Q: 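One structure, pasted below without further comment.
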Amino acid sequence: MKTCQEIVSLVTTESPTGETMWTRVSIGLHLRLCTHCSRLVRQLKQIARISRATREEPSPDLEERILYRLLKKDRLE
Amino acid sequence: MVRNPADNTRRTTTEDAGDGTISTSHVPQPYLSACDERSGALLRDLRERNPEALATVVRDHTRDLYRVAIGMGIPAQDAEDLVHDVFLTFLQTLDHFAGRARLRTWLWGILRNKIHEYRHARGRQEVELDNDAGLDLMAPRFDARGRWLRPPADLHRLLNSALAGTAIQSCLQRLPPRQRLIFRLREIEDLDTREICTLLDISATHCGVLIHRARLRLRDCLERAGWTGNQS
């Protein structure tokens, strides 16, 4: 049985190899039972979602503008 | 010299790994469906200066390159020029691109060098190492048996208010530079962890730790801002 501290570390650190099936099951089970850990995870997901919503999108014609500049330069050379 | 990272996966989503984890899954990436560099046809057309081939590459890669530039801290007004320069260099160095590396990897390598040159030209430092390396932000919140001593406060009031975005941006500015950078690339620009590691030239393990610290430190900052409530 993993401790709350271990669960927090596992869900917030991105392991380069990914988690084993057993670890994933263990995390899922823990989060169903532990209100503190599940609250933390819920908050972190919400923070990520809100952060992404603040992202400034490039203008819709960005690709066309860059392409125009590249083709124009090609013609001049 | 253009780096050539061996990455062949693409991130799916941060939001829901199904088991509550924040970590993302990776799936093999059948990338470049529209411009199949493996066939060599696209490369041949590019070398012949075929405008349609160039349009395919530009349309497929511009948005990602732009997002990386923004995520790496390049101002929006300069990011477009930087991406343009990436394609220009790509066209000038096409003869060196043998087609063995993925086109995306090649372009990202050029972008990485362009960002380095950009910073160098403006006398800006590369993003330095964090000064809290080794510090476990969460350790004081647990007892010796790993149980919560100081559980996470309720942030319902803040995270559901119209000021949530501003509060997060404010806390983001207070993160150590590399954590801020990695949070932007990972959570805001939605990049794959392995691609972030390559861009920042750090190991996957270090990358994972920095993401862990950035997420928790940012959350901690929001908690300390005093917007706690008791509704969630």
Side-chain angles (χ1 to χ4, degrees), chain A residues 2-19 21 23-32 34-60 62-71 73-75 77, chain B residues 14-26 49 51 54-55 58-59 62-63 66-67 70 76 79-80 83-84 87-88 91 138-139 142 145-148 151-152 154-155 159 164-165 168-169 172 183 187-190 193-194 203-205 207-209 211-212 215-216 218-219 222 232:
Chain A
K2 294 193 184 303
T3 66
C4 291
Q5 191 167 14
E6 288 169 332
I7 293 293
V8 168
S9 177
L10 281 168
V11 298
T12 54
T13 308
E14 299 203 359
S15 158
T17 53
E19 307 303 345
M21 175 70 87
T23 304
R24 292 171 73 87
V25 169
S26 174
I27 292 169
L29 202 61
H30 185 103
L31 293 179
R32 278 175 190 271
C34 178
T35 52
H36 296 325
C37 289
S38 61
R39 168 182 279 182
L40 184 85
V41 169
R42 197 167 55 244
Q43 290 174 348
L44 293 175
K45 284 181 179 175
Q46 207 173 347
I47 291 168
R49 196 168 53 245
I50 296 167
S51 303
R52 205 162 303 145
T54 64
R55 182 167 87 183
E56 286 181 33
E57 293 297 335
S59 68
L62 176 67
E63 288 89 347
E64 300 312 311
R65 281 209 308 270
I66 287 179
L67 191 58
Y68 175 78
R69 288 169 68 185
L70 290 169
L71 292 173
K73 187 168 176 62
D74 239 17
R75 276 198 297 273
E77 281 175 351
Chain B
T14 7
E15 284 306 308
D16 193 3
D19 57 3
T21 58
I22 312 252
S23 311
T24 55
S25 56
H26 292 80
R49 289 290 192 268
L54 179 60
V58 169
R59 287 178 186 137
T62 291
R63 225 144 268 260
Y66 183 88
R67 280 171 44 207
I70 295 289
E80 180 175 332
V83 174
H84 169 261
F87 286 116
L88 211 54
L91 291 173
M138 295 300 279
F142 296 98
R145 295 170 67 183
R147 292 177 303 198
W148 286 102
D154 182 6
L155 298 178
L159 295 179
I168 290 171
Q169 286 300 324
L172 192 55
F183 187 89
E187 303 286 40
I188 301 180
E189 301 303 332
D190 203 18
T193 312
R194 295 181 207 198
S203 72
T205 305
C207 205
V209 171
I211 292 169
H212 159 82
R215 285 170 171 157
L216 293 175
L218 184 61
R219 193 215 149 270
L222 294 171
S232 81

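Atoms considered below: every heavy atom in the structure, side chains included; atoms not considered: hydrogens, waters and symmetry mates. As the structure is a computational prediction, the values presented were derived from the model and not from experiment. Proteins come first, then strands; the chains are lettered A, B, ... in the order of their sequence lines, and each starts at number 1.
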Q: Relative to chain A, which of B:Ile188, B:Leu172, B:Thr62 shows the most heavy atom pairs under 4.5 Å?
A: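 Of B:Ile188, B:Leu172, B:Thr62, B:Ile188 has the most heavy-atom pairs under 4.5 Å with chain A.
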
Q: Name the region of A:Thr54, side chain, backbone, both or neither, that has any atom closer than 4.5 Å to a heavy atom of chain B.
A: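 Contact with chain B is through the side chain of A:Thr54 alone.
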
Q: Can you tell me how far the CD atom of A:Glu57 sits from the CD1 atom of B:Ile70, to the nearest 0.5 Å?
A: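 If we round to the nearest 0.5 Å, A:Glu57:CD and B:Ile70:CD1 are 10.5 Å apart.
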
Q: Considering only heavy atoms, which portion of B:Arg145 lies under 4.5 Å from any heavy atom of chain A: side chain, backbone, both, or neither?
A: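 B:Arg145 touches chain A through backbone heavy atoms alone.
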
Q: Give, as side chain, backbone, both or neither, the part of B:Phe87 having an atom under 4.5 angstrom from any heavy atom of chain A.
A: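 For B:Phe87, the contact with chain A is made by backbone and side chain together.
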
Q: Below 4.5 Å from any heavy atom of chain A, which atoms of B:Ile211 appear? Answer side chain, backbone, both or neither.
A: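 Backbone plus side chain of B:Ile211, per the 4.5 Å heavy-atom cut-off to chain A.
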
Q: Which atom pair, heavy atoms only, marks the closest approach of A:Gln43 to B:Leu155?
A: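 Looking at all heavy atoms of both residues, the shortest contact is NE2-N, 3.2 Å.
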
Q: Supply the atom-to-atom distance A:Ile66 CD1 to B:Arg59 CZ, rounded to the nearest 0.5 angstrom.
A: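 Rounded to the nearest 0.5 Å, the CD1-CZ separation comes to 12.0 Å.
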
Q: Rounded to the nearest 0.5 Å, what separates atom CZ in A:Arg52 from atom CD1 in B:Ile168?
A: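 A:Arg52 CZ to B:Ile168 CD1: 11.5 Å, rounded to 0.5 Å.
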
Q: I need the A:Cys34 SG to B:Trp148 CH2 distance, nearest 0.5 Å.
A: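 It comes to 7.5 Å.
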
Q: Please rank A:Cys37, A:Ser59, A:Ser9 by heavy-atom pairs under 4.5 Å with chain B and give me the top one.
A: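 Top option by heavy-atom pairs under 4.5 Å: A:Cys37.
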
Q: Is the backbone of A:Leu40 close enough, under 3.5 Å, to the side chain of B:Arg219 for a donor and an acceptor to pair up by distance?
A: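 Such a contact is absent between B:Arg219 side chain and A:Leu40 backbone.
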
Q: Hey, could you give me the CG/NZ distance between B:Leu159 and A:Lys45, rounded to the nearest 0.5 Å?
A: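 Between atom CG of B:Leu159 and atom NZ of A:Lys45 there are 14.0 Å.
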
Q: Specify which of B:Met138, B:Gln169, B:Arg63 makes the most heavy-atom pairs with chain A at under 4.5 Å.
A: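 Winner by heavy-atom pair count: B:Arg63.
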
Q: Considering only heavy atoms from C-beta outward, does the side chain of B:Leu218 approach that of A:Leu44 to under 4.5 Å?
A: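 B:Leu218 vs A:Leu44: side chains apart.
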
Q: With heavy-atom distances below 4.5 Å as the criterion, would you say the side chains of B:Glu189 and A:Arg55 are in contact?
A: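 Yes; the side chains approach each other to less than 4.5 Å.
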
Q: Taking side chain as C-beta onward, heavy atoms only, is A:Arg39 less than 4.5 Å from B:Pro151?
A: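 Sidechains of B:Pro151 and A:Arg39: no contact.
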
Q: Under a 3.5 Å distance rule, please check whether B:Arg147 uses its side chain to pair with a backbone N or O of A:Thr3 as donor and acceptor.
A: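 It does not hold such a pair.
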
Q: From B:His84 NE2 over to A:Leu67 CG, what is the distance, rounded to the nearest 0.5 angstrom?
A: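 Atom-to-atom, B:His84:NE2 and A:Leu67:CG are 10.0 Å apart.
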
Q: Check whether any side-chain heavy atom of B:Leu216 sits under 4.5 Å from a side-chain heavy atom of A:Val8, and report yes or no.
A: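 Yes. Closest side-chain heavy atoms under 4.5 Å.
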
Q: Would you check if A:Ile47 and B:Phe183 make a side-chain contact, meaning some heavy-atom pair closer than 4.5 Å?
A: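 Contact flag for A:Ile47/B:Phe183 side chains = yes.
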
